[in-house]
Novice: 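Structure incoming, see below.
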Amino acid sequence: MTKNQKLLTWVEDMREMCQPDQLVWCDGSQAEYDALMDQMVASGAAVRLNPKLRPGSYLFRSHPSDVARVEDRTFIAAATKEEAGPNNNWADPVELRARLVELYTGCMRGRTMYVIPFVMGPLGSPFSLVGVELTDSPYVVVNMRHMTRMGTQALEELGDTGDFVPCLHSVGAPLEPGQEDVAWPCAPMEQKYIAHFPEDLSIWSYGSGYGGNALLGKKCLALRIASLKAREENWLAEHMLILGLTDPKGRKTWISAAFPSACGKTNLAMLVPTLPGYQVETVGDDIAWLRRGEDGSLRAVNPEAGFFGVAPGTSYQSNPSAMRTIETNTIFTNVALTDEGDVWWEGIGHDAPAHLIDWQGKDWHPGDERPAAHPNARFTVSASQCPVISPDWEKPEGVPISAILLGGRRPKTVPLVVEGRDFAHGVFLGSIMGSQITAAAISDKIGQVRRDPFAMLPFCGYSLSAYLQHWLDAREWIDADKLPRFFHVNWFRRDEAGRFLWPGFGDNVRVLEWVVKRVNGEVEAQDSPLGLLPHAKDINTQGLGEVDMDTLLALSKEEWLEEAASIRAYYEQLGGVPAELQALLEDMEKRLK
Ligand code: GTP
Ligand code: SPV
Ligand code: MN
């Protein structure tokens, strides 16, 4: 047990407010995990999958209204609206706290409050952060065991005097005496709050049990709260994967990549190259903390310990390493269940059997209109199970990044790859990112393109305008000769018939090859209004069959003049951006004309 007074006092205060029937300090052991799973299987909250087909694995089905992050219900309760910026929902901290106290009072009646101490970042790293999540969801406890270093090891890291990020979570569904529980308790949308308080760096989440709404170490702590700390301390908390690419010469290049939710981070992080002599190792698939290393380079650490990955579209063809990772000891949420007790989803790589139980628990047959798995169905699994996890993935000092990829889902307009001319121009490319909205957040605008600078629109804890300045300022703390290069990529350009022009997945190594050659000064590029484009001949398409490189690399003057106008409007919407970026936008327009 801990003697940490801040922790003990806080837990006691929260217990008094939430009034759970019991309080349990989680130790993070396998026995504790197994017991919680047994309990949830017995209550009907979980299905134990067939141990012959999916050993140690479980299926959960959420409430049909609680299937993804809720951006409209996510708040940054900064002292002023300006601090939070036009990119965030702002709430007055005093008013929001009062509203939440009302909701939290008695909210855990009939339930157990679990205390989950956890570490984000490798154990013993000076850069790691300790959080403590209080939750009434046993589903959250078992997920946090995969996603973070939790339990006794975290309490040890915290010590008796250490500081932590307080993370309060409730599904918001108290039970009256004798009232029977449901499989997935949660609160109605208008009672959901994913609240962040910059003043004391605390998180209060109410009403949802799903993903980033509830696993508070992830988007709430490691991005929104961490971005606030990073701004103060000159580092960067980013929505990025981290990978190492070994080329046929045996050189290793460390690359990070910012793509919005459900736009290919997990897939790129575990890519199995289709070009001979290349190999990828995974450091992280969703979040990167970037700091100055002792050698003056930009060092990346993955604060997470597991993957919360999109299931649909994941197959032995598209992402064999992910498929092998989830063969055992995996939590599946909102996928379909086969009669044999295994999982199925759209794009798993084999036809659906004659009968399934869909993600809502209903009978499903091939030909049914609705998908069997929810488009935002996910797997939760420990990173250590990944067959291509990097031997360096828990290095306390992180890995040195040479290239940063930026990208999104753009069916038109955006070329396969374009390089930033220099660091500032790379930040410009990050600032103009756009992507189709995906099922990773609840939205009635899925498929529409929106601006999403650095894939951080839903995750930056303060104003994006100040955030872009913070990126420009990184030039001051990274050594000039070690600044990373930026590359904007788009795997999702489509032809007139709506088909993807680029094969994607393992073939994305063909773009990474060009990136590595650029980093090492081994290939020429051609300047364009948007940045440095490859010569078509320099992207290796051997063995691909027909690929329309000309269209993939095309830059249409008309489309980009429209794009520039939309970027200008977006910059204004952000309340203005650093003058350097505004000038780069004007420069791009001038070059287009
Ligand atoms: P979050 O976990 O939400 O942050 O998502 P992510 O960025 O990790 O996305 P992920 O790799 O899980 O991919 C999301 C979806 O995009 C899956 O259905 C993939 O199959 C699909 N996808 C990933 N990479 C490619 C690609 O190169 N080409 C195409 N066409 N689809 C891809
Ligand atoms: C994302 O939406 O970017 C995710 C899933 O990685 S969640 O954890 O729900 O945020
Ligand atoms: Mn993500």
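Just so it is clear, the values below take in all heavy atoms, side chains as well, and ignore hydrogens, waters and symmetry mates. Numbering of ligands and ligand atoms starts at 1, following listing order.
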Novice: Is Ala269 touching ligand 1 with its side chain, its backbone, both, or neither, if touching means heavy atoms under 4.0 Å apart?
Specialist: neither

Novice: Leu236 versus His470: any side-chain heavy-atom pair under 4.5 Å?
Specialist: yes

Novice: Relative to atom 2 (O) of ligand 1, which among Met240, Arg378, His239, Arg493 owns the nearest non-hydrogen atom?
Specialist: Arg378

Novice: Evaluate Gly504 for polar contact with ligand 1, using N/O atom pairs at a separation under 3.5 Å.
Specialist: no

Novice: Among protein heavy atoms, which lies nearest atom 32 (C) of ligand 1, and at what distance?
Specialist: Phe505 CZ, 3.2 Å

Novice: Side chains of Asp495 and Thr551: closer than 4.5 Å at any heavy-atom pair?
Specialist: no

Novice: Taking the side chain as every heavy atom from C-beta outward, state whether Asn88 and Arg224 have any pair of such atoms under 4.5 Å apart.
Specialist: no

Novice: Is ligand 1 under 4.0 Å from a heavy atom in the side chain of Cys263, in the backbone, in both, or in neither?
Specialist: backbone

Novice: Answer yes or no for Lys265 and Phe259: cation-pi contact, defined as NZ/CZ to six-membered ring centre under 6.0 Å and angle to ring axis within 45°.
Specialist: no

Novice: Heavy-atom contact check, 4.0 Å cutoff: does Lys265 meet ligand 2?
Specialist: no

Novice: Have a look at ligand 1 and work out which part of Asn508, if any, has a heavy atom under 4.0 Å from it: side chain, backbone, both or neither.
Specialist: side chain

Novice: Taking atom CZ of Arg450 as the centre, report whether more than 12 heavy atoms of other residues, nucleotides or ligands fall under 6.0 Å from it.
Specialist: yes

Novice: Are the side chains of Arg61 and Asn334 in contact, using a 4.5 Å heavy-atom criterion?
Specialist: yes

Novice: Can you sort out which atoms of ligand 2 are near Asp286, meaning under 4.0 Å from one of its heavy atoms?
Specialist: 6 (O)

Novice: Check ligand 2 against Arg378 and write out every atom of the ligand that is under 4.0 Å from a heavy-atom position of the residue.
Specialist: 4 (C), 5 (C), 6 (O)

Novice: Could you tell me whether ligand 1 has any atom less than 4.0 Å away from a heavy atom of Ser318?
Specialist: no

Novice: Could you tell me if Arg518 sits above the aromatic ring of Phe487, with its cationic atom closer than 6.0 Å to the ring centre and no more than 45 degrees from the axis?
Specialist: no

Novice: Determine, using ring centers only, whether His350 and Tyr316 are less than 6.0 Å apart.
Specialist: no

Novice: With atoms numbered from 1 as shown, which atoms in ligand 1 lie under 4.0 angstrom from a non-hydrogen atom of Pro312?
Specialist: 17 (C), 18 (O)

Novice: Got a second to check how far Arg149's CZ is from Ser382's OG, nearest 0.5 Å?
Specialist: 10.0 Å

Novice: Compute both the distance and the angle, then confirm whether Arg73 meets the cation-pi test with Tyr193: under 6.0 Å from the six-membered ring centre, within 45 degrees of the axis.
Specialist: yes

Novice: Report, in ascending order of atom number, the atoms of ligand 2 lying under 4.0 Å from any heavy atom of Ser261.
Specialist: 1 (C), 2 (O), 3 (O)

Novice: Just need the protein heavy atom nearest to atom 6 (P) of ligand 1, so name the residue and atom and give the distance.
Specialist: Lys265 N, 3.3 Å

Novice: Mark up the atoms of ligand 1 that fall under 4.0 Å of a heavy atom belonging to Pro260, in ascending order.
Specialist: 7 (O)

Novice: Pick, from Trp491, Trp502, Phe500, the option with the minimum heavy-atom distance to atom 30 (N) of ligand 1.
Specialist: Phe500

Novice: Is the closest side-chain heavy-atom distance between Ile255 and Pro484 below 4.5 Å?
Specialist: no

Novice: For ligand 1, note which part of Arg409 has a heavy atom under 4.0 Å away: side chain, backbone, both or neither.
Specialist: side chain

Novice: Looking at Tyr33, Trp184, Phe332, which one forms a ring pair (Phe, Tyr, Trp, His ring centres under 6.0 Å) with Tyr139?
Specialist: Trp184

Novice: Centroid separation under 6.0 Å, is that true for the rings of Trp289 and Phe127?
Specialist: no

Novice: Under 2.8 Å from the Mn ion (ligand 3), how many protein N/O/S atoms do you get? Just the number, please.
Specialist: 3

Novice: Could you tell me whether Gly264 and ligand 1 have an N or O pair separated by under 3.5 Å?
Specialist: yes

Novice: What protein heavy atom sits nearest atom 10 (O) of ligand 2, and how far off is it?
Specialist: Arg69 CD, 2.9 Å

Novice: Do Val511 and Trp491 have side-chain heavy atoms sitting under 4.5 Å apart?
Specialist: yes

Novice: Using salt bridge (Lys or Arg N to Asp or Glu O under 4.0 Å) as the criterion, list what pairs up with Arg370, not counting sequence neighbours.
Specialist: Asp358, Asp368

Novice: In Å and rounded to the nearest 0.5 Å, what is the OH to CG distance from Tyr114 to Leu134?
Specialist: 13.0 Å

Novice: List the atom of Gly121, the atom of Ser128, and the distance in Å for their closest heavy-atom pair.
Specialist: C-OG, 3.1 Å

Novice: Backbone or side chain, does any N or O of Asn267 fall under 3.5 Å from an N or O of ligand 1?
Specialist: yes

Novice: Does an N or O from Ala440, backbone or side chain, lie closer than 3.5 Å to an N or O of ligand 1?
Specialist: no

Novice: Starting from atom 9 (O) of ligand 2, which protein heavy atom do you reach first, and at what distance in Å?
Specialist: Gly212 N, 2.9 Å

Novice: Give the contacting part of Asp286 toward ligand 1: side chain, backbone, both or neither, where contact means a heavy-atom distance below 4.0 Å.
Specialist: side chain

Novice: Atoms of ligand 2 less than 4.0 Å from Lys218 heavy atoms?
Specialist: 6 (O), 8 (O)

Novice: Counting from 1, what ligand 1 atoms have a heavy atom of Gly313 closer than 4.0 Å?
Specialist: 18 (O), 20 (O)

Novice: Would you indicate whether the side-chain heavy atoms of Ile432 and Leu530 approach each other to under 4.5 Å?
Specialist: yes

Novice: Specify the protein heavy atom at minimum distance from atom 1 (C) of ligand 2: its residue, its atom name, and the distance to 0.1 Å.
Specialist: Lys219 NZ, 2.8 Å

Novice: Side chains of Asn319 and Phe505: does their closest heavy-atom pair fall under 4.5 Å?
Specialist: no

Novice: Give the residue and atom name of whichever protein heavy atom lies nearest to atom 5 (O) of ligand 1, and the separation in Å to one decimal.
Specialist: Ala262 N, 2.7 Å

Novice: Against heavy atoms of Ala440, which atoms of ligand 2 measure under 4.0 Å?
Specialist: 2 (O)

Novice: Should the pair Lys192-Asp66 be classified as a salt bridge under the 4.0 Å nitrogen-to-oxygen rule?
Specialist: yes

Novice: Closer than 4.0 Å to some heavy atom of His239 - which atoms of ligand 2 meet that?
Specialist: 3 (O)

